[in-house]
Amino acid sequence: MKTASATTTSSPGTSDKVLVDPEWLQAHLSDPRVRVVEVDVSRAAFDDWHIDGAVLWNIYADLRDADYRLAGTAALERLVARSGIDPDSTVVFYGYAPALGLWLMKLYGHPDARILDCSRDTWRARGYPWSVAAGEPPAGGFRLGGEDSRIRAGRAAVHEAIGQPGTILVDVRSAAEYQGERFWPSGGMEPGGRAGHVPSAVHQPIDGIHHEDGSFRSAAELRGVFAPAVLEGSGELITYCTIGGRAAMAWFVLTHLIGRDRVRVYDGSWAEWGRTPDSPVEGP
């Protein structure tokens with residue numbers, strides 16, 4: 001499969017091709033080495049319609065356990081297998097949280113994961129192929145490697161980073177979530193959970209990273225979205241949100257599109273932190 005025509009965006013010192021435009025994906029939908037994955041928080045949108053041949057990764061049902069922590073290696077390996085992903089597959093993510101899918105593939109060592117550079121609605125509005133039938137690819141043979149600790153932070157690492165020079169905790173949720181007015185993005189609270197933010201965390205929403213069609217803005221425009229405290233310096237950044245989707249998107253933009261080094265995702269995010277009794281919380 002030739003991929004030179006794909007949209008390319010490279011971080012300094014790398015040759016990663018991380019974005020594909022819809023024309024490229026349409027031309028490669030029948031390529032057995034291309035797998036398309038929609039990442040969402042429920043089946044509703046996917047069952048209504050999806051990109052032709054795509055499979056669904058449901059964040060709550062497939063990527064999280066009952067305590068909202070990342071699913072175990074065995075469960076994730078089964079998911080990757082039934083998605084038809086082989087070691088040489090080009091995996092293209094789209095939907096509500098495409099960067100979470102890409103981050104997972106990078107976390108476990110898959111070399112070629114990308115994001116569709118347009119929104120789900122734009123794909124259909126422009127007349128690209130869609131379907132209501134779920135894709136059923138043959139089982140894939142990719143086996144998850146060891147975790148890349150350079151891109152993942154656990155709760156202990158976040159706790160250790162509070163107030164420490166050299167590490168910035170980056171909360172990419174809405175102002176209402178950061179200020180403790182709500183636990184979940186939809187507006188609800190969590191029984192037994194606490195709303196607020198991790199002490200010393202910088203509030204950095206990621207609104208404005210896309211054009212109206214869902215494609216990513218230029219690197220120069222993206223730099224304007226982030227505060228100087230996030231972009232400047234060589235210290236480590238740890239991003240978090242509620243279930244990891246927005247945190248992974250911030251990681252993706254910062255590392256792959258802007259070129260910021262030393263960024264990790266706290267994938268447990270607020271769903272874990274705010275439900276853990278001994279985690280310190282700043283809120284109203």
Side-chain angles (χ1 to χ4, degrees), residues 39-42 44-45 58-61 63-64 66-70 95-101 103 119-121 153-155 157-159 161-163 167-212 214 216-217 221-231 237-254 257-258 260 263-284:
V39 184
D40 212 328
V41 294
S42 77
N58 184 323
I59 294 176
Y60 292 115
L63 305 184
R64 297 283 181 229
D67 290 320
Y68 303 109
R69 297 184 177 92
L70 189 64
Y96 170 78
L100 183 58
W103 176 81
S119 70
R120 189 177 183 278
D121 290 341
R155 187 167 64 92
V158 174
H159 198 284
I162 294 173
T167 302
I168 299 176
L169 299 171
V170 185
D171 186 321
V172 301
R173 299 175 301 160
S174 68
E177 293 168 275
Y178 180 83
Q179 294 165 3
E181 297 171 6
R182 59 181 63 177
F183 188 100
W184 297 104
S186 59
M189 300 299 282
E190 172 71 12
R194 294 168 296 155
H197 60 269
V198 180
S200 81
V202 172
H203 185 221
Q204 175 60 75
I206 54 171
D207 303 324
I209 62 174
H210 297 104
H211 296 289
E212 288 187 6
F216 286 92
R217 296 188 180 276
E221 291 174 312
L222 291 171
R223 289 187 185 97
V225 171
F226 292 89
V230 175
L231 292 181
L237 305 177
I238 299 177
T239 65
Y240 74 89
C241 57
T242 308
I243 57 170
R246 288 171 289 177
M249 183 62 77
W251 164 84
F252 173 75
V253 171
L254 286 165
L257 304 186
I258 294 178
R260 179 64 158 81
V263 184
R264 291 197 286 170
V265 174
Y266 171 36
D267 56 283
S269 280
W270 202 257
E272 178 184 56
W273 190 273
R275 297 171 65 253
T276 304
D278 62 349
S279 294
V281 171
E282 284 189 358

Side chain to side chain contact (heavy atoms under 4.5 Å, CB included) evaluation trace for V230 with L254: CA-CA 9 Å; V230 175; L254 286 165; 4.1 Å; yes
Derivation and outcome, side chain to side chain contact (heavy atoms under 4.5 Å, CB included), residues R217 and H210: CA-CA 5 Å; R217 296 188 180 276; H210 297 104; 5.7 Å; no
V170 and Y240: CA distance, side-chain angles, deciding distance, side chain to side chain contact (heavy atoms under 4.5 Å, CB included) verdict: CA-CA 6 Å; V170 185; Y240 74 89; over 6 Å; no
Residues D278, R155; criterion salt bridge (charged side-chain N to carboxylate O under 4.0 Å, His left out); working and verdict: CA-CA 11 Å; D278 62 349; R155 187 167 64 92; 3.4 Å; yes
Worked verdict on H203 versus E177 for side chain to side chain contact (heavy atoms under 4.5 Å, CB included): CA-CA 10 Å; H203 185 221; E177 293 168 275; over 6 Å; no
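The shortest non-hydrogen separation linking A229 to I168 is O-CD1, 2.9 Å. Taking all atoms of both residues into account, the shortest heavy-atom contact from S42 to N58 is CA-ND2, 3.6 Å. Between L169 and S200, the shortest heavy-atom contact is CD1-OG, 4.0 Å. Across all their heavy atoms, P199 and I162 have their closest contact at O-CG2, 3.4 Å.
With a 4.5 Å cut-off on side-chain heavy atoms, T239 and V263 count as touching. Side-chain contact check for W270 versus F183: some heavy-atom pair is nearer than 4.5 Å. Using a 4.5 Å heavy-atom threshold, the side chains of Y68 and T242 count as separate. Looking at V198 and V281, their side chains never come closer than 4.5 Å, going by heavy atoms from C-beta outward. Using a 4.5 Å cut-off on side-chain heavy atoms (C-beta onward), M249 and V172 make no contact. Taking the side chain as every heavy atom from C-beta outward, R69 and R64 never approach each other to under 4.5 Å.
Here CD1 of I59 is found 4.0 Å from CD1 of I243. Values are rounded to the nearest 0.5 Å. Atom CG of residue L231 and atom CG of residue L222 lie 10.0 Å apart, to the nearest 0.5 angstrom. Here CZ of R223 is found 10.0 Å from CG of L257. Values are rounded to the nearest 0.5 Å. With rounding to the nearest 0.5 angstrom, the CG atom of L63 is 7.0 Å from the CG atom of L70.
Within the 3.5 Å criterion, the main-chain N or O of V225 finds a donor-acceptor partner in the side chain of Q204. Checking side-chain atoms of W273 against main-chain N and O of P280 turns up a donor-acceptor pair under 3.5 Å. Formation of a donor-acceptor pair under 3.5 Å by the S269 side chain with backbone atoms of C241 is found in this model.
With respect to the salt-bridge test (charged N to carboxylate O, under 4.0 angstrom), the residues D171 and R246 do not qualify. Looking at E190 and R182, no side-chain N of the basic residue comes within less than 4.0 Å of a carboxylate O on the acidic one, giving no salt bridge.
Classified by interplanar angle (parallel below 30°, tilted 30° to 60°, perpendicular above 60°), the ring pair Y60/W184 is perpendicular.
Geometrically, R264 does not engage W251 in a cation-pi contact, judged by NZ or CZ lying under 6.0 Å from the ring centre and within 45° of the ring axis.
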